[in-house]
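Contents: one structure, followed by commentary.
It should be emphasised that the depicted structure is a prediction, and the values quoted were computed from it without experimental measurement.
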Amino acid sequence: MSGRSEKELTGVTLLGAEKTKYPTDYDSSVLEYFINKHPQRDYFVKFNCPEFTSLCPMTGQPDFATIYISYVPAEKLVESKSLKLYLFSFRNHGDFHEDCINIIMEDLIKLMSPKYIEVWGKFTPRGGICIDPYCNYGKELTEWAKVAKERLYMHDVQPEKVYYR
């Protein structure tokens with residue numbers, strides 16, 4: 001199997017860039033994609049982002065989380081450095097946990113139009129409570145729409161054991 005041609009990498013501008021500009025507030029325009037060389041095959045791509053931060057919209061205090069993004073690509077995949085910069089852009093953004101997770105999923109759907117995607121935020125405790133929002137999406141009129149409903153229904157049937165955060 002050969003590498004990617006220049007044409008296949010059109011639009012990927014951040015990878016390998018010597019001087020990276022970090023956004024100072026939420027910015028979905030930094031997201032980039034590349035073409036899926038295997039669109040005929042269903043497979044998961046998973047990102048674990050253990051250093052996510054955003055701000056509480058009421059107090060301005062930082063919130064910390066691990067963000068899990070899993071998706072089944074169609075024609076496009078998100079480029080990982082652009083995803084890192086995008087998630088970093090939430091650092092000075094004030095929004096509730098649930099909003100951040102839904103915004104991330106909506107932006108990735110807009111970018112890639114995946115067959116299936118789920119985003120799960122596991123936030124560290126504030127005020128003695130953890131908030132772990134989960135959202136998902138399956139492309140309408142496909143088997144993935146049914147998968148999304150089933151995974152949502154069964155999401156927390158057997159919650160995982162959390163020994164520490």
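- The neighbour count for E51 CD, taken as heavy atoms of other residues, nucleotides or ligands under 6.0 Å away, does not exceed 12.
- When side chains are defined from C-beta on, F88 does not count as touching V30, because their heavy atoms never get closer than 4.5 Å.
- Residues W120 and P133 share a closest heavy-atom pair of CD1-O, 3.3 Å.
- Residues L55 and I131 do not share a hydrophobic cluster, defined by chaining ILVMFWY side chains whose heavy atoms lie under 4.5 Å apart.
- Between P62 and R126, the closest heavy-atom pair is O-NE, 3.4 Å.
- Nearest approach of T66 to P50, heavy atoms of both residues: OG1-CA, 3.5 Å.
- Between V72 and F44 the shortest side-chain heavy-atom distance falls below 4.5 Å.
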Chi angles and distances behind the side-chain contact (heavy atoms from CB on, under 4.5 Å) call for M112, V45: CA-CA 13 Å; M112 300 182 296; V45 176; over 6 Å; no
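- How far CG of D99 is from CD1 of I104: 11.0 Å, rounded to the nearest 0.5 Å.
- Using a 4.5 Å heavy-atom cutoff, the side chains of I67 and I101 are in contact.
- Counting non-hydrogen atoms of neighbouring residues, nucleotides and ligands closer than 6.0 angstrom, the CZ atom of R91 reaches no more than 12 such neighbours.
- Closest approach of E32 to L111, counting heavy atoms only: O-CD2, 3.7 Å.
- Atom CG of L152 sits about 11.0 Å away from atom CD of E150, to the nearest 0.5 Å.
- Taken to the nearest 0.5 Å, the NE2 atom of H93 stands 11.5 Å off from the CG atom of D27.
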Begin from the C-alpha positions of D63 and H97 and carry the test side-chain contact (heavy atoms from CB on, under 4.5 Å) through to its verdict. CA-CA 8 Å; D63 291 315; H97 304 340; 3.2 Å; yes
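- Screening residues 45-73 for ring pair (Phe, Tyr, Trp, His ring centres under 6.0 Å), with sequence neighbours left out, gives F52-F90.
- Using a 3.5 Å distance cut-off with no hydrogens or angles, the side chains of S113 and K76 do not pair a donor with an acceptor.
- Cluster annotation: Y43 and L83 are assigned to the same hydrophobic cluster (Ile/Leu/Val/Met/Phe/Trp/Tyr, side-chain heavy-atom contacts under 4.5 Å, transitive).
- Note: D107 CG to S89 OG = 8.5 Å, rounded to the nearest 0.5 Å.
- Nearest heavy-atom pair, N92 versus T24, reported as atom, atom and distance to 0.1 Å: ND2-O, 3.0 Å.
- Grouping the Ile, Leu, Val, Met, Phe, Trp and Tyr side chains by contacts below 4.5 angstrom, directly or via other members, places F34 with L85.
- Atom OH of residue Y26 and atom CG of residue D95 lie 9.5 Å apart, to the nearest 0.5 angstrom.
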Could you go through the side-chain contact (heavy atoms from CB on, under 4.5 Å) check for E75 and N36 one step at a time? CA-CA 5 Å; E75 301 297 323; N36 181 6; 5.6 Å; no
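- Remark: C56 SG to Q61 CD distance equals 7.0 Å, nearest 0.5 Å.
- With a 4.5 Å cut-off between side-chain heavy atoms of Ile, Leu, Val, Met, Phe, Trp and Tyr, the cluster of M58 takes in F96.
- Listed by chain and number, the residues in a side-chain hydrogen bond (donor to acceptor under 3.5 Å, both in side chains) with N136 are Y116, Y134 (sequence neighbours excluded).
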Would you please test L141 and K139 for side-chain contact (heavy atoms from CB on, under 4.5 Å) and show each step? CA-CA 7 Å; L141 305 176; K139 188 169 275 213; over 6 Å; no
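- Side chains of P23 and Y86 form no contact here, defined as non-hydrogen atoms less than 4.5 Å apart.
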